There are 4 protein chains.
Amino acid sequence: MTSKIEKPKSAKTRSRSSIGAVRSPQSTEAILDAAAAILEEHGYKAFTMDALVERAGSSKPTIYRWWRSKGALLRDVYERTALTFVTAPDTGDLERDLIVHLRSLWSWWRSSSAGETLRSLITEIQHDSTAIDEFREAFLPRRERTLRKIFARAVDSGQITEGAAVEVAVSMLTGMSWLHLVTANLENLDDIDKAVSVIVNGLKPR
Amino acid sequence: MTSKIEKPKSAKTRSRSSIGAVRSPQSTEAILDAAAAILEEHGYKAFTMDALVERAGSSKPTIYRWWRSKGALLRDVYERTALTFVTAPDTGDLERDLIVHLRSLWSWWRSSSAGETLRSLITEIQHDSTAIDEFREAFLPRRERTLRKIFARAVDSGQITEGAAVEVAVSMLTGMSWLHLVTANLENLDDIDKAVSVIVNGLKPR
Amino acid sequence: MTSKIEKPKSAKTRSRSSIGAVRSPQSTEAILDAAAAILEEHGYKAFTMDALVERAGSSKPTIYRWWRSKGALLRDVYERTALTFVTAPDTGDLERDLIVHLRSLWSWWRSSSAGETLRSLITEIQHDSTAIDEFREAFLPRRERTLRKIFARAVDSGQITEGAAVEVAVSMLTGMSWLHLVTANLENLDDIDKAVSVIVNGLKPR
Amino acid sequence: MTSKIEKPKSAKTRSRSSIGAVRSPQSTEAILDAAAAILEEHGYKAFTMDALVERAGSSKPTIYRWWRSKGALLRDVYERTALTFVTAPDTGDLERDLIVHLRSLWSWWRSSSAGETLRSLITEIQHDSTAIDEFREAFLPRRERTLRKIFARAVDSGQITEGAAVEVAVSMLTGMSWLHLVTANLENLDDIDKAVSVIVNGLKPR
DNA sequence: TATTAACCGAGACGGTACGTCACGTCTTATT
DNA sequence: AATAAGACGTGACGTACCGTCTCGGTTAATA
């Protein structure tokens with residue numbers, strides 16, 4: 001799932017560059033690229049399988065052979081672009097690290113296809129309860145990993161005590177972020193600072 | 001939108017007791033009731049306009065005459081049932097009030113159609129950006145009102161200082177709740193206690 | 001069903017000029033006028049009961065109180081305008097009379113709402129077999145009356161023999177006219193002359 | 001559009017034996033068969049796209065992929081069954097040939113789905129002026145072809161003179177037939193004999 | 001003169017059918 | 001064996017128009 005590939009030509013001009021008995025990496029990349037592009041340019045509403053096929057120059061059977069559903073595809077789209085985003089600052093200051101990370105996250109959501117992709121993914125999984133389970137058990141923890149790492153370092157450095165309510169702190173920061181995402185309200189980055197301040201202050205013993 | 005009416009009979013036996021040049025309250029109630037019932041019994045997936053028409057003994061034109069979209073209808077369904085839920089405790093203790101309120105909320109979501117309705121509503125508005133705007137500006141503030149009221153009382157009684165970051169505290173508690181809602185994770189009510197503890201502690205000056 | 005009335009003002013400005021315990025002639029006329037106007041200006045496709053109500057400034061119950069169906073209304077629309085068209089020439093020459101009558105008829109169909117009205121009526125009755133029966137037994141004979149009269153005079157004057165196949169002659173001329181009407185093919189009036197020539201020639205004994 | 005295929009099994013038992021990147025002949029045939037069957041058994045009123053889909057075991061998108069409208073479908077239904085009806089007698093006698101052909105036609109209309117189909121088609125095209133044009137320019141000439149052929153043979157054999165008003169004769173016989181069709185008046189086959197007699201007599205020079 | 005009954009415009013209602021959209025499956029021909 | 005192409009059945013959508021019914025009001029004939 002590296003992104004070190006040449007951009008696929010537009011659907012119609014690109015010839016069948018790879019066919020045969022093994023999975024075509026070009027095709028896979030073309031599909032993921034097209035998905036991200038559609039989401040970024042036209043949003044979730046326009047992200048249909050037909051539009052995807054058209055833009056990727058692929059076909060529906062190919063897509064469904066490798067992804068069991070639209071949600072599974074969206075998950076991969078998000079995770080692939082997430083590889084390019086690893087803002088896990090380590091300044092030694094918990095509050096600062098959280099702020100930098102969350103501000104980067106919100107900005108990245110807004111400035112790329114990532115926000116639209118995650119928003120679409122959350123929407124999509126609501127149709128299927130097993131998808132929700134997989135999402136909660138596997139996808140969500142991966143999203144919260146950076147926050148957890150930051151808190152873990154703060155525990156190590158003694159900024160907060162071991163056993164503090166880190167889990168709910170992560171949940172509240174993630175929840176607030178997602179709430180702003182699904183309500184198209186990612187402008188006020190200053191809210192992040194205030195929230196982080198409350199959380200960090202709240203985790204410290206009195 | 002009072003709910004002090006007798007339940008409409010099942011779709012087929014209900015006769016046209018009062019329709020005409022004014023909006024029929026029976027029809028309105030039948031539609032909202034049917035919507036809530038479908039969501040509770042069969043979930044969002046089964047909540048189609050056709051199923052709603054069938055169960056309410058109504059018609060699609062009638063529904064679309066009064067609600068511009070499925071999202072608008074879901075909003076009314078939620079707000080109507082929300083009238084029956086007003087757990088705004090006032091014990092004089094901020095932490096206790098928040099815990100009681102949020103525990104009641106999560107329980108209510110799980111034990112009635114309300115959780116499924118809100119989950120569906122969040123999903124539905126993602127298809128339409130104007131719906132998201134209306135949701136963020138009007139619906140969401142109404143949902144956060146009780147939390148704000150609780151915090152306001154705490155300010156009045158001096159438990160927390162004026163000007164504290166109440167807004168982000170509300171946002172974090174709401175966000176965490178919704179995150180658990182959309183990931184089908186409303187079981188661990190103890191998380192509420194921990195979160196509230198962090199928030200209340202965090203709002204107090206050191 | 002006289003047309004000696006002032007034109008109704010446009011729907012919205014016309015006040016309730018006649019209401020009470022007897023049928024309102026103004027309302028009746030307004031409905032028939034509006035129907036003809038819609039058909040002439042926008043055609044059968046636009047001739048809906050809602051459009052009619054809007055244009056006539058009337059209401060659906062009023063229309064359905066006096067006409068059992070759209071077809072019945074169209075029949076009255078046609079018959080009312082037909083009162084203004086009675087080209088029954090009597091030159092003493094059968095062939096000439098037929099030509100003048102049919103040319104007038106085709107021209108009248110094209111230059112007024114009449115053609116569109118009849119076309120609509122034929123279409124409309126196809127939905128209801130009792131309407132077809134009434135149409136065949138009562139409406140159609142009234143339409144063929146002038147042709148029959150012309151033939152009857154020719155019999156009287158000895159141009160054709162009694163007992164000649166007048167009925168089928170009428171049927172063929174009517175059928176050809178309607179065929180051209182429903183296929184939007186009323187331009188070539190010269191076809192009339194040729195047809196009449198064949199018919200008149202064919203009715204004379206060899 | 002050959003009909004040399006085995007009848008498709010009933011909707012539910014028919015398996016998808018051959019679909020894919022090319023148009024499925026089974027599906028096409030099933031649709032046309034179902035259309036004819038509905039028209040024959042229940043008439044134009046019951047001929048809805050939903051009923052057709054149900055009976056053919058097909059789907060609306062498939063139907064609209066191949067036929068732009070109900071009228072276009074009805075045209076194909078009629079033309080397909082018309083392939084089974086080619087009564088173009090050649091006895092050497094114009095009058096006899098015309099009578100045999102028209103009697104066969106009226107009987108065929110009454111005893112099969114054909115009459116109802118044509119009646120429905122005439123009705124249907126009235127909703128769309130481009131459909132009328134196509135109907136007049138292409139469909140109608142095909143229907144009149146047999147009559148023209150009979151007249152052409154009569155010209156060749158010298159029964160009527162070249163340049164006689166064959167076109168209007170065809171138009172009158174077709175018009176009379178259609179007039180009887182749309183007024184549900186196909187019982188009196190003797191009218192055909194009289195009409196043909198007038199026409200044939202009328203075409204001969206005095 | 002007051003009452004009553006029929007009619008009026010307005011418009012909401014349940015119902016039927018429409019034509020479109022997107023989905024996920026399946027077949028075909030190609031490489 | 002994997003691919004692009006694309007037709008297929010399924011199911012839901014939102015709209016158009018129908019004919020019925022209720023509503024509040026007006027007027028003409030009746031009591």
Side-chain angles (χ1 to χ4, degrees), chain A residues 11 14-24 26-27 47-51 53-54 56-66 68-70 127, chain B residues 11 14 16-24 26-28 47-51 53 56-66 68-70, chain C residues 11 14-24 26-27 47-51 53-54 56-66 68-70 127, chain D residues 11 15-24 26-28 47-51 53 56-66 68-70:
Chain A
R14 185 167 59 86
S15 63
R16 285 217 205 178
S17 55
S18 172
I19 44 192
V22 295
R23 180 171 184 177
S24 161
Q26 281 92 333
S27 181
F47 181 63
T48 68
M49 292 314 243
D50 285 318
V53 160
E54 163 72 15
S58 182
S59 70
K60 286 205 264 188
T62 301
I63 294 175
Y64 281 101
R65 184 172 300 117
W66 302 112
R68 101 167 69 98
S69 67
K70 208 166 158 178
H127 298 290
Chain B
R14 184 167 56 88
R16 286 222 213 168
S17 55
S18 170
I19 57 176
V22 295
R23 182 171 183 177
S24 163
Q26 281 91 335
S27 181
T28 304
F47 181 63
T48 68
M49 292 315 232
D50 286 318
V53 160
S58 183
S59 70
K60 281 201 273 188
T62 297
I63 294 175
Y64 283 101
R65 186 176 301 117
W66 301 111
R68 88 176 63 228
S69 67
K70 214 161 155 177
Chain C
R14 186 166 59 87
S15 65
R16 284 219 210 176
S17 55
S18 172
I19 45 188
V22 295
R23 179 173 184 177
S24 163
Q26 281 92 333
S27 181
F47 180 63
T48 69
M49 292 314 241
D50 286 318
V53 159
E54 164 73 15
S58 182
S59 70
K60 284 204 267 187
T62 300
I63 294 174
Y64 282 100
R65 185 173 299 116
W66 302 112
R68 101 167 66 102
S69 68
K70 210 166 158 179
H127 298 288
Chain D
S15 66
R16 285 220 211 171
S17 55
S18 171
I19 57 178
V22 294
R23 182 170 183 178
S24 162
Q26 281 90 335
S27 181
T28 303
F47 181 63
T48 68
M49 291 316 233
D50 285 318
V53 160
S58 182
S59 69
K60 281 202 271 188
T62 297
I63 294 174
Y64 282 101
R65 186 175 302 118
W66 301 112
R68 88 175 64 228
S69 67
K70 215 162 154 175

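Here is the naming used below: chain letters follow the sequence lines, and residue numbers restart at 1 for every chain. In this text the structure is predicted, and so the values were computed from the model without any measurement.
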Student: If you only use heavy atoms from C-beta on, which nucleotide in E:dG14, F:dT15, F:dT3 is closest to the side chain of B:Tyr64?
Tutor: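 Of E:dG14, F:dT15, F:dT3, F:dT15 is nearest to the side chain of B:Tyr64.
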Student: Base, sugar-phosphate, or nothing for B:Lys70, non-hydrogen atoms under 4.0 angstrom?
Tutor: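 Since only primed, P, OP1 and OP2 atoms lie under 4.0 Å of B:Lys70, the category is sugar-phosphate.
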Student: For F:dA2, does either OP1 or OP2 sit under 4.0 Å from a side-chain N or O belonging to A:Arg65?
Tutor: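 No, because none of the side-chain N or O atoms of A:Arg65 sits under 4.0 Å from OP1 or OP2 of F:dA2.
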Student: Nearest-nucleotide wise, let me know which of D:Thr62 and B:Met49 is further upstream toward the 5' end of DNA chain F.
Tutor: D:Thr62
Student: Quick one: pull up CE in C:Met49 and CZ in C:Phe47 and give me the separation to the nearest 0.5 Å.
Tutor: 6.5 Å
Student: Out of curiosity, B:Gln26 CD to B:Thr28 OG1, how far, rounded to the nearest 0.5 Å?
Tutor: 9.0 Å
Student: In whole Å, what is the span from the CD atom of C:Gln26 to the C1' atom of E:dC7?
Tutor: 13 Å
Student: Identify the two heavy atoms, one from D:Thr48 and one from D:Lys70, that lie closest to each other, and give their separation to 0.1 Å.
Tutor: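 Answer, listing the atom of D:Thr48 first, then D:Lys70: CA-NZ, 4.2 Å.
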Student: If I compare all heavy atoms of B:Val53 with all of B:Ser59, which pair ends up nearest, and what's the gap?
Tutor: CG2-C, 3.7 Å
Student: Output the rounded distance in Å from CZ (B:Arg23) to P (E:dG14).
Tutor: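 Answer to the nearest Å: 11 Å.
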Student: Check whether any side-chain N or O of B:Trp66 sits under 4.0 Å from OP1 or OP2 of E:dC13, and answer yes or no.
Tutor: yes
Student: Mind calculating the distance between CG (A:Asp50) and P (E:dT25) to the nearest angstrom?
Tutor: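 After rounding, the gap between these two atoms is 14 Å.
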Student: Roughly how many Å is it from CD in C:Glu54 to P in E:dA10, rounded to a whole number?
Tutor: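 Computing the C:Glu54:CD to E:dA10:P distance gives 9 Å.
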Student: So what does B:Thr48 hit on the nucleic acid, given a heavy-atom distance under 4.0 Å: a base, only sugar-phosphate, or nothing?
Tutor: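 If one applies the 4.0 Å heavy-atom cut-off, B:Thr48 turns out to touch the sugar-phosphate alone, with no base involved.
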Student: Check whether any side-chain nitrogen or oxygen of B:Ser59 sits under 4.0 Å from OP1 or OP2 of E:dC13, and answer yes or no.
Tutor: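 No, no such contact exists.
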Student: Under 4.0 Å from OP1 or OP2 of F:dG9: is there any side-chain N or O of D:Ser27 that close?
Tutor: yes
Student: When you get a sec, tell me which of E:dA22, F:dA16, F:dT3 is the closest nucleotide to the side chain of B:Pro61?
Tutor: F:dA16
Student: What is the distance, to the nearest angstrom, from the NZ atom on A:Lys60 to the P atom on E:dC26?
Tutor: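 Answer to the nearest Å: 13 Å.
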Student: If you pin D:Ile63 and B:Arg68 to their nearest nucleotides in DNA chain F, which one's is more 5'?
Tutor: D:Ile63
